[in-house]
Colleague: 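My questions all concern the structure below.
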Amino acid sequence: MEAHTREYLEGRFGDYYRGADVALPPTPERREWGYIPWSAGGTTMVRHQSLLDIGNLGDFLTRTAPQHVYFSAARFNDPGAGTMDEKGWQSADLVFDLDADHLPGVDPETTSYADMLAACKDDLLSLLDILENDFDFTDTQVVFSGGRGYHVHVRDENVRELDSDARREIVDYVRAIDLDVEGLIGTESNRGTTRRVLRRHGGWGARVHDRLLELAENLREMEEEAALERLQELQGIGDGRAKTILGQIHNNFEAIREGNVEAGGPGTRILVNALAEEAITAETAPIDEPVTTDTKRLIRLPGSLHGGSGLRVKTLERDEVADFDPLEDAIPDRFRGEKIKIRVTEPGPVEFDGDSFTLSAGDQSVKECLGVFLMARGRAEKETK
């Protein structure tokens with residue numbers, strides 16, 4: 001990035017902070033603070049700062065107009081101390097990070113920024129489903145990171161003192177790492193006998209059971225040949241087992257509804273295993289493990305600007321997530337309404353502010369919010385003429 005572009009962005013970030021009301025996180029005086037200034041190279045973080053060191057947050061942001069701003073998930077006795085041992089760790093929020101660059105099946109080289117963000121939001125919804133329904137977390141904050149994904153801060157009191165190992169167990173559950181399918185099956189007494197059934201009242205057992213019911217209901221509506229073909233698409237199910245399973249679905253649907261894995265012979269258990277694999281593929285959330293397990297992690301400050309996009313690090317209410325469009329809804333109002341001149345250095349497709357178009361190389365006059373976005377992402381420089 002050229003010096004005059006960097007100076008322009010620093011100035012406009014300062015203008016944004018002059019009119020912004022950036023809220024402090026809970027117990028801000030116990031958090032470590034860090035920031036990256038608009039210096040050449042732009043990667044050196046100033047950290048080991050306390051709120052006492054930086055003073056009034058609004059004044060600090062206006063004065064320094066940083067490229068990136070962070071605070072610690074942890075609470076410390078002395079957050080401004082120069083080493084982690086000296087800080088005196090007290091507790092930490094449980095933080096989850098979803099990054100579009102790390103999603104399975106997404107190639108950053110061939111997938112557009114907009115499409116990566118859309119895929120990331122799908123995984124965010126899966127993550128929230130698990131956190132809300134499986135863990136019953138209630139004190140959560142959902143944040144668009146301003147860059148490639150989303151953060152979820154969990155501040156329920158019963159998670160704050162978990163160590164890294166306990167947090168890793170939560171990661172393993174969310175990502176269904178080494179999921180024990182056998183553990184999804186329990187025993188149930190029925191008219192004096194004991195039978196093995198899916199644990200269908202919550203967790204991964206309930207997800208597999210939902211898929212089992214949906215598949216069974218669909219198969220009942222299909223022609224026999226099509227139903228058998230659908231069953232044989234699942235791993236481990238050949239023609240003979242498919243016919244046995246389909247007969248069970250038609251003749252004893254109530255057993256399927258009850259999650260009985262013994263009804264219909266071994267084919268039903270094989271079907272459950274296959275559906276468990278489908279559930280793992282479709283409903284896990286590919287969270288970044290080091291972020292969640294690190295009890296002293298620095299995370300982006302909601303309400304700040306992301307120096308790699310010019311977008312807001314935006315807090316979302318739970319009912320806003322489904323319809324949220326980061327490339328429109330996270331654009332700062334401060335950067336709307338004016339046009340600026342830029343020199344496009346990386347031409348090509350752009351999706352931004354509800355519009356899609358192809359950008360040509362060279363001098364352009366564009367909306368300032370688009371210009372800031374392109375300059376921050378390294379696709380343009382500020383034109384000085």
Side-chain angles (χ1 to χ4, degrees), residues 9-10 13-14 16-17 20-39 41-84 86-102 140-155 160 164 167 287-316 326 330 332 376:
L9 291 174
E10 182 177 9
F13 272 43
Y16 164 81
Y17 285 121
D21 184 16
V22 180
L24 289 163
T27 57
E29 73 284 355
R30 293 296 178 190
R31 313 276 184 170
E32 178 189 351
W33 294 79
Y35 65 97
I36 297 178
W38 285 98
S39 55
T43 57
T44 301
M45 181 184 293
V46 179
R47 60 176 304 178
H48 302 303
Q49 305 282 293
S50 69
L51 196 63
L52 183 63
D53 294 322
I54 66 175
N56 179 275
L57 179 64
D59 292 344
F60 169 79
L61 293 174
T62 300
R63 183 177 71 254
T64 60
Q67 186 176 4
H68 305 279
V69 189
Y70 306 90
F71 70 100
S72 67
R75 300 167 184 81
F76 299 101
N77 291 322
D78 183 7
T83 69
M84 302 310 297
E86 292 174 327
K87 291 180 189 296
W89 187 88
Q90 295 179 328
S91 65
D93 304 333
L94 183 66
V95 178
F96 298 89
D97 177 31
L98 285 164
D99 192 325
D101 280 7
H102 300 155
T140 60
Q141 182 183 49
V142 182
V143 181
F144 168 58
S145 71
R148 297 183 300 252
Y150 296 87
H151 301 151
V152 179
H153 304 248
V154 178
R155 298 192 172 108
R160 295 178 190 170
S164 292
R167 293 167 193 249
I287 54 177
D288 189 348
E289 177 182 349
V291 173
T292 302
T293 58
D294 186 350
T295 61
K296 302 167 184 176
R297 192 78 174 194
L298 295 184
I299 198 79
R300 288 189 183 278
L301 175 67
S304 65
L305 294 182
H306 191 297
S309 68
L311 298 174
R312 290 174 60 204
V313 181
K314 183 174 172 61
T315 300
L316 304 174

Colleague: Minimum heavy-atom separation for Asp78 and Glu86, please, with both atom names.
Modeller: CB-O, 4.2 Å
Colleague: For Arg300 and Val143, what are the C-alpha separation, side-chain angles and deciding distance, and is it a side chain to side chain contact (heavy atoms under 4.5 Å, CB included)?
Modeller: CA-CA 9 Å; Arg300 288 189 183 278; Val143 181; over 6 Å; no
Colleague: Measure the OG1-CD1 distance between Thr44 and Ile36 for me, rounded to the nearest 0.5 Å.
Modeller: 8.0 Å
Colleague: Please answer whether the main-chain N or O of Ala65 pairs with a side-chain N or O of Trp38 as donor and acceptor at a distance below 3.5 Å.
Modeller: yes
Colleague: So which of Arg75, His153, Arg297 actually passes side chain to side chain donor-acceptor pair (under 3.5 Å) with Asp93?
Modeller: Arg75
Colleague: Using modelled atom types only, decide if a donor and an acceptor are shared between the side chain of Arg160 and the backbone of Arg155 within a distance under 3.5 Å.
Modeller: yes
Colleague: Might you point out which heavy atoms bring Pro326 and Leu311 nearest each other, and give the distance in Å?
Modeller: O-CD1, 4.0 Å
Colleague: Kindly write out the residues that satisfy ring pair (Phe, Tyr, Trp, His ring centres under 6.0 Å) with Tyr150, not counting sequence neighbours, or none if the list is empty.
Modeller: Phe144
Colleague: Does Asp21, at its CG atom, have more than 12 non-hydrogen atoms belonging to other residues, nucleotides or ligands within less than 6.0 Å?
Modeller: no
Colleague: With side chains defined as the heavy atoms from C-beta onward, is the minimum distance between Phe71 and Ile299 less than 4.5 Å?
Modeller: yes
Colleague: Between Tyr16 and Arg312, does a side chain to side chain contact (heavy atoms under 4.5 Å, CB included) hold up when you go through it step by step?
Modeller: CA-CA 10 Å; Tyr16 164 81; Arg312 290 174 60 204; 3.7 Å; yes
Colleague: Tell me, with the steps shown, if Gln90 and Asn77 meet side chain to side chain contact (heavy atoms under 4.5 Å, CB included).
Modeller: CA-CA 7 Å; Gln90 295 179 328; Asn77 291 322; 2.6 Å; yes
Colleague: Under 3.5 Å, is there a donor on one side chain and an acceptor on the other for Asp53 and Ser50?
Modeller: yes
Colleague: Taking the ring of Phe60 and the ring of Trp33, is the distance between their centroids below 6.0 Å?
Modeller: no
Colleague: Under the side chain to side chain contact (heavy atoms under 4.5 Å, CB included) rule, what do Phe13 and Leu61 come out as? Steps first, then yes or no, please.
Modeller: CA-CA 9 Å; Phe13 272 43; Leu61 293 174; over 6 Å; no
Colleague: State, with a plain yes or no, whether a side-chain heavy atom of Pro25 is found less than 4.5 Å away from one of Gln141.
Modeller: no
Colleague: Asp97: what forms a salt bridge (Lys or Arg N to Asp or Glu O under 4.0 Å) with it, not counting sequence neighbours?
Modeller: none
Colleague: Is the backbone of Leu305 close enough, under 3.5 Å, to the side chain of Tyr17 for a donor and an acceptor to pair up by distance?
Modeller: yes
